[in-house]
Amino acid sequence: MASFRIHPARRAALRSACCAALGLSLSLASLAAGPTASAKGGGKAPAYSYFVTGTAYFAAGNLTPLRPLPDTLPTAVKPLVLMGGGPDVDSAYRWMIDKAGIRPGSGGRFVVIRTTGTDAYDPYLLYSDASNATNTAAVDGFVGGAFLGLTAAETLIIPSLAAANDAFVNKVLSTANAVWIAGGDQSTYLNNWKGSALQTTLQGLIARGVPIGGTSAGANVLGEFIYSAQTGSVTSAQALSNPFNKYMSFDPQPFSASSFLAPSGGDHIPALSNTFVDPHFDERDRMGRLVSFMSRSIASSAGFGCAGGVLAAANARGIGLGVETALLIQGDGSASLPFTGQRVTNISTTTDSAVYFVAAQTSPALCQSGKPLTVQNMRVKKLADSSSQFNLSNWQTLSGSTSDYDVSANAGVLTSSKPGGGFY
């Protein structure tokens, strides 16, 4: 590269492209790490890939660390990051490193998990610029983790249920100091990871207060209710015209069953209880489909609500995330430590980079298969600055301000009380 700066429009592409040309990553690809209970064919373990940039704490397939692992102490209560896709928000990863308790000299491991892709996140997380600097603050387009105390950025590509049950995969993940779920296809995360040892490992990390986050599909699967996209993606127009159309697939199904990170007997991300997370929100015009998702979760009663729903209308929630947007969440839900969220973006963003907190106020008046949706006055609170804070415990602005308006669907047509009638 001729310049250390990466234009914001290229950040997301970089994370989905191989960084071999930069010569930044030490690849430790693992195929058969030994037999597992779920392996097929000759008793061999499933294929996975393991990559490291920086200090190698593990050799692929070997459960015994090569050297003592960094042991950091999280400095926040259940820190969580939801990112809306598109250009990565550099400061959100720095926040995770800080909340993990990683400091200069402490060491720390940031582990990325995904079902497909490359190790492109690793150099972005560890280095401060394109020359692999580790002793200076990061330029725009890099996180600069090494400068902050990070000693390793690692990627696990986990493409199957068998790989998600692999002992080495779970050893690497369970000892991470911060964890990131990359973008991709949420259906592959649910199909390959739900019900696996990896799911249990993630739940344990969250319970211990290890910072976790995800972008795009990786953010989608962190909500208690998940749009699973098992039959392809749905548009707002399709969802509004028939909220039971073939593309409206959810996890859990039914809604009363155990979700990916909210298993029966305990919700490990209580800040996202009863909540759908929808990324790429304004860029892909997803307000209508989030309204439809939320409507589907509202229980049927006295001719109102949706068949299969389980929530009272007042409890149905959704978070829409604009591109190049990150929501930083922490807290335990108590009166003294409510779940609080703060929006951050890059200095070079060219969009609103907003977070949309959506809450139902009434049950759908018409929510039936084959018929357009009618639901009134879903309240939207738009958070578009980085100085305000939102209270996810009571769904109210904690400090600063939000832009508030209502959206309604009448026979499948979305309307808004916002001046000018806009949805975003």
Could you tell me whether the side chain of Ser292 and the main chain of Pro243 form a donor-acceptor pair under 3.5 Å? no
Is it true that Thr151 and Tyr57 share a donor-acceptor pair across their side chains at a distance under 3.5 Å? yes
Thr188-Asp185 side chain donor-acceptor pair, cut-off 3.5 Å: no
Decide, yes or no, whether a salt bridge links Asp166 with Lys171 under the criterion of side-chain N to carboxylate O below 4.0 Å. no
For the OG1 atom of Thr201 and the CG atom of Asn170, what is their distance to the nearest 0.5 Å? 3.5 Å
Donor-acceptor check, side chain of Ser393 to backbone of Phe339, threshold 3.5 angstrom: yes or no? yes
Salt bridge check: are Asp404 and Arg379 linked by an N-O gap of less than 4.0 Å? no
I'd like to know if the side chain of Thr325 pairs up with that of Thr345 as donor and acceptor (distance under 3.5 Å, no hydrogens or angles considered). no
Look at the rings of Phe250 and Phe293 and say which category their plane angle falls in: under 30° parallel, 30 to 60° tilted, over 60° perpendicular. perpendicular
What's the verdict on side-chain hydrogen bond (donor to acceptor under 3.5 Å, both in side chains) for Asn165 and Ser196, showing C-alpha distance, side-chain angles and the deciding distance? CA-CA 6 Å; Asn165 282 320; Ser196 71; 4.6 Å; no
Is there a donor-acceptor pair closer than 3.5 Å between any side-chain N or O of Arg286 and the backbone N or O of Pro279? yes
Taking Leu261's backbone N and O only, do any of them form a donor-acceptor pair with Gln199's side chain (distance below 3.5 Å, no angle check)? no
Polar side chain donor-acceptor pair, Arg343 to Ser386, under 3.5 angstrom: yes
Could I get the full list of ring-ring contact (aromatic ring centres under 6.0 Å, His included) partners for Phe244, not counting sequence neighbours? none
Are any side-chain N or O atoms of Ser128 and backbone N or O atoms of Thr136, one a donor and one an acceptor, separated by less than 3.5 Å? yes
Give me the ring orientation class for Phe142 and Tyr124: parallel if the planes are under 30° apart, tilted from 30 to 60°, perpendicular past 60°. tilted
Just wondering, more than 12 heavy atoms not from Asp332 lying within 6.0 Å of its CG? yes
Sub-3.5 Å donor-acceptor pair from the side chain of Thr115 to the main-chain atoms of Tyr189, do we have one? no
pair Leu392-Phe357: side-chain heavy atoms closer than 4.5 Å: yes
What orientation do Phe281 and Tyr356 show, parallel under 30°, tilted 30 to 60°, or perpendicular over 60°? tilted
Do Arg114 side-chain atoms and Pro159 backbone N/O form a donor-acceptor pair below 3.5 Å? no
Using modelled atom types only, decide if a donor and an acceptor are shared between the side chain of Asn346 and the backbone of Asp88 within a distance under 3.5 Å. yes
Is it true that Asn177 and Thr72 share a donor-acceptor pair across their side chains at a distance under 3.5 Å? yes
Name of the residue among Thr275, Asn274, Ile298 meeting side chain to side chain contact (heavy atoms under 4.5 Å, CB included) with Asn315: Asn274
For side-chain hydrogen bond (donor to acceptor under 3.5 Å, both in side chains), just list the numbers for Gln238 and Thr235, CA-CA rounded to whole Å, side-chain angles, deciding distance to a tenth of an Å, and then say yes or no. CA-CA 5 Å; Gln238 290 168 332; Thr235 66; 3.3 Å; yes
I'd like to know if the side chain of Thr374 reaches the main chain of Ala411, judged simply by a donor and an acceptor atom lying under 3.5 Å from each other, with no hydrogens or angles considered. yes
List the steps, then state whether salt bridge (Lys or Arg N to Asp or Glu O under 4.0 Å) holds for Arg103 with Asp98. CA-CA 7 Å; Arg103 301 291 183 268; Asp98 175 69; 3.3 Å; yes
Please report the C-alpha distance between Gln186 and Tyr227 in whole Å, then the side-chain angles of each, then the deciding distance to 0.1 Å, and finally whether the side-chain hydrogen bond (donor to acceptor under 3.5 Å, both in side chains) criterion is met. CA-CA 8 Å; Gln186 63 260 38; Tyr227 170 60; over 6 Å; no
Can you tell me if Thr397 uses its side chain to pair, donor with acceptor, with the backbone of Ser399 under 3.5 Å? no
Gln368 versus Asn242, side-chain donor and acceptor atoms under 3.5 Å: no
Side chain to side chain contact (heavy atoms under 4.5 Å, CB included) with Asp251: of Asn191, Asn220, Val221, Ile226, only one passes, and it is Ile226
Kindly indicate whether the side chain of Asn410, heavy atoms from C-beta on, has any atom under 4.5 Å from the side chain of Gln376. yes
Polar contact flag, side-chain donor to acceptor under 3.5 angstrom, Asp122-Thr155: yes
Please name the pair of heavy atoms, one in Gly400 and one in Ser388, separated by the smallest distance, quoted to 0.1 Å. CA-OG, 3.3 Å
More than 12 heavy atoms of other groups within 6.0 Å of Tyr405 OH: yes
